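What follows is a single structure, written as structure tokens, with notes after it.
Each ligand, and each atom within it, is numbered from 1 in the order the structure gives. Everything quoted here is computed from the prediction, not taken from an experiment.
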Amino acid sequence: MLNLVLFGPPGAGKGTQADFLIEKYQLIHLSTGDLLRSQIAAETALGLEAKSYMDKGFLVPDSIVIEMIKSKLQENKDANGFIFDGFPRTVEQAIALDKLLDENETPVSGMLCLEVEKQELIDRLLSRGKTSGRPDDQDVSIIENRIQEYNKKTMPLKDYYMAQNKCHKIHGMGSIDEIAQRLIDTVSVL
Ligand code: ADP
């Protein structure tokens, strides 16, 4: 099983690159952002709670996202592997993921860390906001909040995966195809 963690700040291109990797390696895409947005669209209690954090650019509580991932893993027991996009985002989530994968004896194969300069992130998110309709992409102060949350709570995960020898840095500037090739080169030696 190939289990990839796609890691990087908001706007790093995780969703775009996930599409390439899914097709190439026939993986199941698990994006906590997408899962949360579908809960919001369905107006569930969970969606309503998540929305109050997401609209301000804060992380949703760990228990909510861990539970969502747990049920998706159970639903897809026969998968070739998974691509985790936007999850884990805290050390607590990473520990929970390791435990869940341990139960199936299929550890994280590698963490692919997309590195992009801050101004480029802001430009990409604002430009996506014009078409995505996402409220969190349309306001610079919310975007700044998301980047701050990333720096404070998510960046420490690099050390977590580095300690397991699983952290692979990928230069995330350039064309979509160039970045996809860098990812594929890395995955091919995992
Ligand atoms: P981006 O990577 O561009 O921020 P996402 O769709 O991954 O976009 O996330 C959007 C929002 O959803 C985040 O700002 C956060 O509020 C929430 N979210 C997504 N994944 C997680 C997670 N693993 N833990 C906590 N909150 C999350």
Least distance between heavy atoms, D62 atom then Q93 atom: OD1-NE2, 2.8 Å

Output field: ring centroids Y150/F7 closer than 6.0 Å: yes

Polar atom proximity, R146 to ligand 1 (N or O, under 3.5 Å): yes

Steps toward side chain to side chain contact (heavy atoms under 4.5 Å, CB included) verdict (K166, Q164): CA-CA 5 Å; K166 288 183 181 171; Q164 299 184 13; 3.4 Å; yes

Worked check of salt bridge (Lys or Arg N to Asp or Glu O under 4.0 Å) between K118 and E144: CA-CA 10 Å; K118 184 175 170 192; E144 293 271 5; 3.0 Å; yes

Selected option - heavy-atom contact closest to atom 13 (C) of ligand 1, from R89, R37, K51, R124: R89

Numbering as shown, the atoms of ligand 1 that approach T32 to under 4.0 Å (heavy-atom distance): 19 (C), 20 (N), 21 (C), 22 (C), 23 (N)

Heavy-atom pair with the smallest gap, counting every atom of I28 and A79: CG1-CB, 3.7 Å

Protein heavy atom at shortest distance from atom 26 (N) of ligand 1: V60 N, 3.0 Å

Atoms in ligand 1 flagged as close to F58, the criterion being non-hydrogen separation under 4.0 Å: 15 (C), 16 (O)

Shortest reach to atom 18 (N) of ligand 1 by a heavy atom, considering only D136, L36, L35, I40: L36

Nearest candidate to atom 11 (C) of ligand 1, where distance is taken over non-hydrogen atoms, out of Q93, K14, M54: M54

V65 and ligand 1 - part of the residue with a heavy-atom distance under 4.0 Å: side chain

Region of R128 that comes within reach of ligand 1 [heavy atoms, distance under 4.0 Å]: side chain

Heavy-atom donor-acceptor pair, Q39 side chain to L46 backbone, under 3.5 Å: no

Protein contact of atom 10 (C) of ligand 1 - nearest heavy atom, named by residue and atom, plus distance: R134 NH2, 3.5 Å

Pair V108-L97, side chain to side chain contact (heavy atoms under 4.5 Å, CB included): steps then yes or no: CA-CA 9 Å; V108 168; L97 178 62; 4.1 Å; yes

